[in-house]
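Inspection log for the structure reproduced underneath, given as structure tokens.
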Amino acid sequence: MQFTFASVVALVGSVAAHMAMIEPCMRFNPNCATKPQLPAGVADYDSSIKNPISYNGPFFKSDIPWPEPVASWTAGESVTVKFQPGGAAHGGGHCQFAISYDNGKTSAIVHKVMEHCFFNGPSTSNEAEVLSYTFKLPADVPAASNAQFIWVWTNAIGNRELYTGIADITIANSGGSKSYTGQATIFPNHEGYDTIPEFGGDYTTGLSLYDNAPNVTISSSGYTADLSSKQKPTTSKSSEPSSSDSEFETSPSPKASVSFVVHNAVKVTSSSESETPSSTAPSVKPTSNQGADGECEPGTLQCNDDGSGFSICTWGKWSDEFTCAQGTVCKSSDASSVYCGWP
């Protein structure tokens, strides 16, 4: 039996531990220098904290927060994120760093390290060269006493996996910002998303998925859905990941059609047809404006009758219903968009 070098690295990585965030301390990492006591109902720290998440499981290993914040950050100031040494770094890959106010159900990017996360450049090594990143937290990130910081990593070499971490933090903001708009976090190699194949030395692999992620506006009182463009969706090529390469088209870069991060799910459709994204929010159409055959105007949104979520018109047809985060309800804003906010 023959093995490629990448296959050998993947095998080594399957035995060695992977990467895990230790500052701020992700839930419930036993390896952080300082960490809170476990909350009620959690029996022990997570000994599998460095393992990838399940392909069709939750995006994060726990939806139970630490009983107290593990970091206090200030909008507009520099923050540092650190990772535990000794993990398998799989030749790098793409890392996203995001902020959430609803326990990770909705998050917006505040920093990205594309192509060579954990390294200074192209590498076939499994040993990380870079274990910390310092960046400035955007000045318009709203203050909150119970925000979440999120890390998502797609590895360059090895089995097609996804690694995530979520940490409970506080954010101060003396400027009084009420919302922050950034690209929505995406979760490649997870059910419902495209699978990014092994890079094979091409570190631009999969970048179009990140470049074309739509915007989402988040705040401590909810979030506003946003359409990046109005295009006909196509059937995704993604399938359950395996250790072998899969067909993946990176050029020309497709434009993201619709993406909403709602109740632990993001739905993304894409098209290779180039079209200029709409610069305005989609209009809200009540159910009564549907045609007799159930068709609708592409790009319109409507709240469900009970306010529990909303639907999106994609290529003339109403999509499946999207559920608002627990405790929030769907509302319309200036007859131009819908959002999930507190009652």
Nearest 0.5 angstrom please: [X] [atom1] to [Y] [atom2], how far?
X    : Y    : atom1 : atom2 : value
W151 : F97  : CH2   : CZ    : 8.0 Å
S54  : E191 : OG    : CD    : 8.5 Å
L207 : K112 : CG    : NZ    : 8.5 Å
K61  : Y163 : NZ    : OH    : 9.5 Å
S123 : N120 : OG    : CG    : 9.5 Å
F135 : S78  : CZ    : OG    : 9.5 Å

Task: Pair Q183, N215: side-chain N/O donor-acceptor within cut-off below 3.5 Å - done: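 Side-chain D/A pair, Q183 to N215: absent.
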
TODO: Scan side-chain atoms only and decide if T106 and D102 contain a donor-acceptor pair under the 3.5 Å cut-off.
DONE: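 Note: T106 and D102 side chains meet the donor-acceptor criterion.
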
Open item on the list: Take a 6.0 Å sphere around CD of E129 and say whether it holds more than 12 heavy atoms from other residues, nucleotides or ligands.
Closed with: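 Atom CD in E129 is packed in, count exceeds 12.
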
Considering non-hydrogen atoms only, spot the tightest contact between [X] and [Y] and give its length.
X    : Y    : result
M21  : V81  : SD-CG1, 3.7 Å
A108 : V216 : CB-CG1, 3.9 Å
S308 : D306 : OG-OD1, 2.8 Å
I157 : N155 : O-ND2, 3.0 Å
T217 : S179 : CG2-CB, 3.7 Å
D168 : R27  : OD1-NH2, 2.6 Å

Task: Any residue meeting ring pair (Phe, Tyr, Trp, His ring centres under 6.0 Å) with F118, in chain and number order, not counting sequence neighbours - done: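 Counting only residues at least two positions away or on another chain, F118 forms a ring pair (Phe, Tyr, Trp, His ring centres under 6.0 Å) with F83, W153.
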
Open item on the list: Is there a side-chain contact (heavy atoms from CB on, under 4.5 Å) between N189 and Y55? Walk through the geometry before answering.
Closed with: CA-CA 7 Å; N189 302 344; Y55 173 74; 5.9 Å; no

- [ ] Establish, yes or no, whether a centroid distance under 6.0 Å links the rings of F199 and H94.
- [x]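 Close enough - the centres of the two rings lie under 6.0 Å apart.
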
Within one Ile-Leu-Val-Met-Phe-Trp-Tyr cluster: [X] and [Y], side-chain cutoff 4.5 Å:
X    : Y    : result
I150 : Y210 : yes
Y133 : I22  : no
I109 : M26  : no

Side-chain contact, heavy-atom cut-off 4.5 Å: [X] with [Y]?
X    : Y    : result
I186 : Y193 : yes
P142 : N173 : no
S62  : F28  : yes
H18  : H90  : yes
T74  : I171 : no
T205 : P197 : yes
D46  : N29  : no
P24  : I169 : yes

Does the [X] side chain pair with the main chain of [Y], one donor and one acceptor, at a distance under 3.5 Å?
X    : Y    : answer
T164 : V152 : no
E198 : G158 : yes
S145 : T170 : no
N304 : G307 : no

Open item on the list: Tell me whether K35 forms a cation-pi arrangement with Y45, defined as NZ or CZ under 6.0 Å from the six-membered ring centre and within 45 degrees of its axis.
Closed with: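 So K35 does make the cation-pi contact.
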
Task: Criterion side-chain hydrogen bond (donor to acceptor under 3.5 Å, both in side chains) on S132 and T80, from CA distance to verdict - done: CA-CA 7 Å; S132 69; T80 297; over 6 Å; no

Task: side-chain contact (heavy atoms from CB on, under 4.5 Å) assessment of F119 paired with E127 - done: CA-CA 9 Å; F119 290 90; E127 184 176 351; 5.9 Å; no

TODO: Mind checking salt bridge (charged side-chain N to carboxylate O under 4.0 Å, His left out) for E23 and listing every partner two or more places apart, or none if nothing turns up?
DONE: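 Residues passing salt bridge (charged side-chain N to carboxylate O under 4.0 Å, His left out) with E23: K82.
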
Open item on the list: Under the criterion side-chain contact (heavy atoms from CB on, under 4.5 Å), I'd like the reasoning laid out for Q148 against I99: C-alpha separation, chi angles, the key distance, then a yes or no.
Closed with: CA-CA 6 Å; Q148 296 82 43; I99 293 293; over 6 Å; no

TODO: Given side-chain hydrogen bond (donor to acceptor under 3.5 Å, both in side chains), test T185 with S107 step by step and report yes or no.
DONE: CA-CA 6 Å; T185 309; S107 58; 2.6 Å; yes

TODO: Would you mind telling me which of F60, W73, Y101 makes a ring pair (Phe, Tyr, Trp, His ring centres under 6.0 Å) with F149?
DONE: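 When ring pair (Phe, Tyr, Trp, His ring centres under 6.0 Å) is applied between F149 and each of F60, W73, Y101, only W73 qualifies.
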
Task: From CA spacing to verdict: side-chain contact (heavy atoms from CB on, under 4.5 Å), I196, L209 - done: CA-CA 9 Å; I196 297 178; L209 295 179; 3.8 Å; yes

TODO: Tell me, please, which residues at least two apart from P36 pass side-chain contact (heavy atoms from CB on, under 4.5 Å).
DONE: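 Listed in chain order: W66, P67, E68, V70.
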
